[in-house]
Amino acid sequence: MNLKNKSKQKRRRRWRIFFYSLLIYLGFSYTFYYSMKKSPKISNEEFVNLLVSTGNANILSQYKTTNLVNLTMKFLFHIDFRDPKTILNGSILGDNITKIKNNTKTISLEYNDDYSDMEELKKISDYIQDPNPKSTTDPIVYLYNSHQLENYSSENLDIYGITPNVMMASYVLRENLNKLGIPSLVEETNMSDILRKNGWDYSYSYQASRNLMVEKKKTYSSLKYFIDLHRDSVSKNYTLASIHNKNYAKILFVVGKDYATWEGNYRLASRLNGLFDQYYPGLSRGIMLKTGPKVNGVYNQDFDSNTLLIELGGVENTVEEVYHTVSAISDVLAKYIKGEG
């Protein structure tokens, strides 16, 4: 009986510790959350310049007080409140609690080209103005985003009003390429405005971006490479790579086959994919060929054989992971264009 009573008392003590710890954590979290919500927001444009100037994609999240509280709880009790499984898998509640089976749903690697719900996307992603506008002489690379509002995870950033998306990645990539001696520019025109003015739905995004490509080529005859950056919708299981203890957002090349000259675009994608395998093994998911009904199958790649569509990460990737990949992309592109790869 004494052993049973001691066991019950031990379990009760563990539950009390957990309960009071949870109250303390929630108290700290909500206090700091609402106090920080009242602080001045940081615009997406300011954040892009911060990324480029400091080279530290995690510069804001490392100071977030709620993260510090969470780290403390993880150190003391092995609990991560952002991961409920750690509360049940042993920790202060004891190892005799039945563990939850992880029934992970298999997610298709198929590239998602259905963007019918743009209004919902607008609620979590914003158009980003050029944070560093300046004239570029004889640009070689034209960066654009047919789907500008494709967003990344705002974990640790939402409290600052930052909504990271593929446009942010394009601006950082431009700055990196320019520093490497590859003059580049980003299409800053708001695609949503073009769609609205023409009465087009989101499925006409490639038509809108094509019109802008034609205009840019007329303005800058020096342009040789046209890169459409996207964000895939598959889970982080497929879009996270770890290379030399650094996390990256994986990339995927998408090549359409529903036009006569697709093999030229495929050769370019294959060459670059090989360079990624050489310098950043595991970063590229490979090349996806798209053809047939209910897919675009062209992606404006008939415009020029040096037109690329690159899926940069997925919806669950963080800014830090995307930032590391952007650095890798700029490195590989510079090597290829300079003939050093």
Side-chain angles (χ1 to χ4, degrees), residues 108-116 138-148 150 166 170 173 177 182-187 189 191 194-195 198-234 250-278 284-312 329 332-339 341:
S108 174
L109 285 173
E110 186 74 5
Y111 165 54
N112 184 2
D113 200 26
D114 179 16
Y115 297 93
S116 57
D138 298 328
I140 296 175
V141 177
Y142 173 60
L143 303 168
Y144 66 103
N145 310 102
S146 292
H147 299 142
Q148 291 176 330
E150 289 177 335
V166 291
S170 292
L173 179 56
L177 288 172
I182 307 296
S184 307
L185 58 86
V186 171
E187 181 55 66
T189 305
M191 294 290 185
I194 296 178
L195 296 178
N198 288 279
W200 294 340
D201 61 31
Y202 212 29
S203 64
Y204 282 85
S205 295
Y206 287 106
Q207 181 59 55
S209 60
R210 187 184 188 88
N211 293 345
L212 296 172
M213 291 171 69
V214 172
E215 291 179 8
K216 282 297 187 294
K217 182 62 176 178
K218 289 180 180 178
T219 304
Y220 301 101
S221 60
S222 57
L223 287 174
K224 295 182 179 179
Y225 301 94
F226 306 84
I227 303 175
D228 191 1
L229 283 184
H230 288 251
R231 181 269 295 149
D232 209 341
S233 61
V234 296
K250 287 188 177 184
I251 64 170
L252 172 71
F253 293 95
V254 178
V255 177
K257 291 182 63 176
D258 294 340
Y259 56 100
T261 58
W262 70 270
E263 290 181 344
N265 302 77
Y266 179 73
R267 282 193 293 270
L268 174 61
S270 297
R271 179 66 179 126
L272 290 173
N273 187 66
L275 290 176
F276 276 105
D277 288 343
Q278 178 181 347
S284 176
R285 295 161 56 200
I287 304 171
M288 175 173 285
L289 298 175
K290 298 291 290 184
T291 185
K294 296 184 179 181
V295 299
N296 186 287
V298 180
Y299 308 108
N300 291 327
Q301 292 167 353
D302 60 331
F303 179 77
D304 191 282
S305 60
N306 286 333
T307 302
L308 291 167
L309 192 159
I310 301 178
E311 293 285 335
L312 201 178
I329 293 174
V332 168
L333 283 176
K335 282 182 169 61
Y336 177 80
I337 294 172
K338 293 179 180 180

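Under the side-chain hydrogen bond (donor to acceptor under 3.5 Å, both in side chains) criterion, Asp201 pairs with Ser203, sequence neighbours left out. Qualifying side chain to side chain contact (heavy atoms under 4.5 Å, CB included) partners for Arg267, counting only residues two or more places apart in sequence or in other chains: Glu263. With sequence neighbours excluded, the residues forming a side-chain hydrogen bond (donor to acceptor under 3.5 Å, both in side chains) with Ser170 are Asn145, listed by chain and number. Judged as a side-chain hydrogen bond (donor to acceptor under 3.5 Å, both in side chains), and not counting sequence neighbours, the contacts of Asn211 are Gln207. Checked against side-chain hydrogen bond (donor to acceptor under 3.5 Å, both in side chains), Ser184 has no partners two or more places apart in sequence or in another chain. For Asp302, the salt bridge (Lys or Arg N to Asp or Glu O under 4.0 Å) partners at least two apart in sequence or on another chain are Arg210.
Residues Ile287 and Ser270 are in side-chain contact: their nearest non-hydrogen atoms beyond the backbone lie under 4.5 Å apart. Residues Ile227 and Ile329 form no side-chain contact, since every pair of their non-hydrogen atoms from C-beta on lies 4.5 Å or further apart. Side-chain atoms of Leu309 and Asn300, non-hydrogen and from C-beta on, never get closer than 4.5 Å to each other.
Note on Asp304 versus Lys217: no salt bridge recorded, every NZ/NE/NH1/NH2 to OD/OE distance being 4.0 Å or above.
Here the side chain of Glu311 pairs no donor or acceptor atom with the backbone of Val254 at under 3.5 angstrom. Under the 3.5 Å distance criterion, the side-chain polar atoms of Asn273 are left unmatched by any main-chain donor or acceptor of Ala269. Side-chain N or O atoms of Gln148 include one that pairs as donor or acceptor with a backbone N or O of Thr189 at under 3.5 Å. In terms of modelled atom types and a separation under 3.5 Å, the side chain of Glu150 and the main chain of His230 share no donor-acceptor contact. In this structure a side-chain-to-backbone donor-acceptor pair under 3.5 Å is present from Ser222 to Pro139.
Relative ring orientation between His147 and Tyr202 is described as tilted, the plane-to-plane angle lying within the 30° to 60° band. Taking the six-membered ring where tryptophan is involved, the planes of Tyr225 and Tyr336 are perpendicular, since the angle between them exceeds 60° and thus also 30°.
Residues Asp228 and Ser209 have side chains that never bring a donor and an acceptor to within less than 3.5 angstrom of each other. Between the side chains of Asn265 and Tyr259, at least one donor-acceptor pair of N or O atoms lies under 3.5 Å.
Between Tyr299 and Tyr206, a ring centre-to-centre spacing shorter than 6.0 Å is recorded.
Annotation: Lys338, atom NZ; neighbour count of heavy atoms from other residues, nucleotides and ligands within 6.0 Å is above 12.
A side chain to side chain donor-acceptor pair (under 3.5 Å) with Tyr142 holds for exactly one of Lys216, Lys224, Glu187; it is Glu187. Of the candidates Ile140, Leu185, Asp138, Leu185 is the only one forming a side chain to side chain contact (heavy atoms under 4.5 Å, CB included) with Tyr220.
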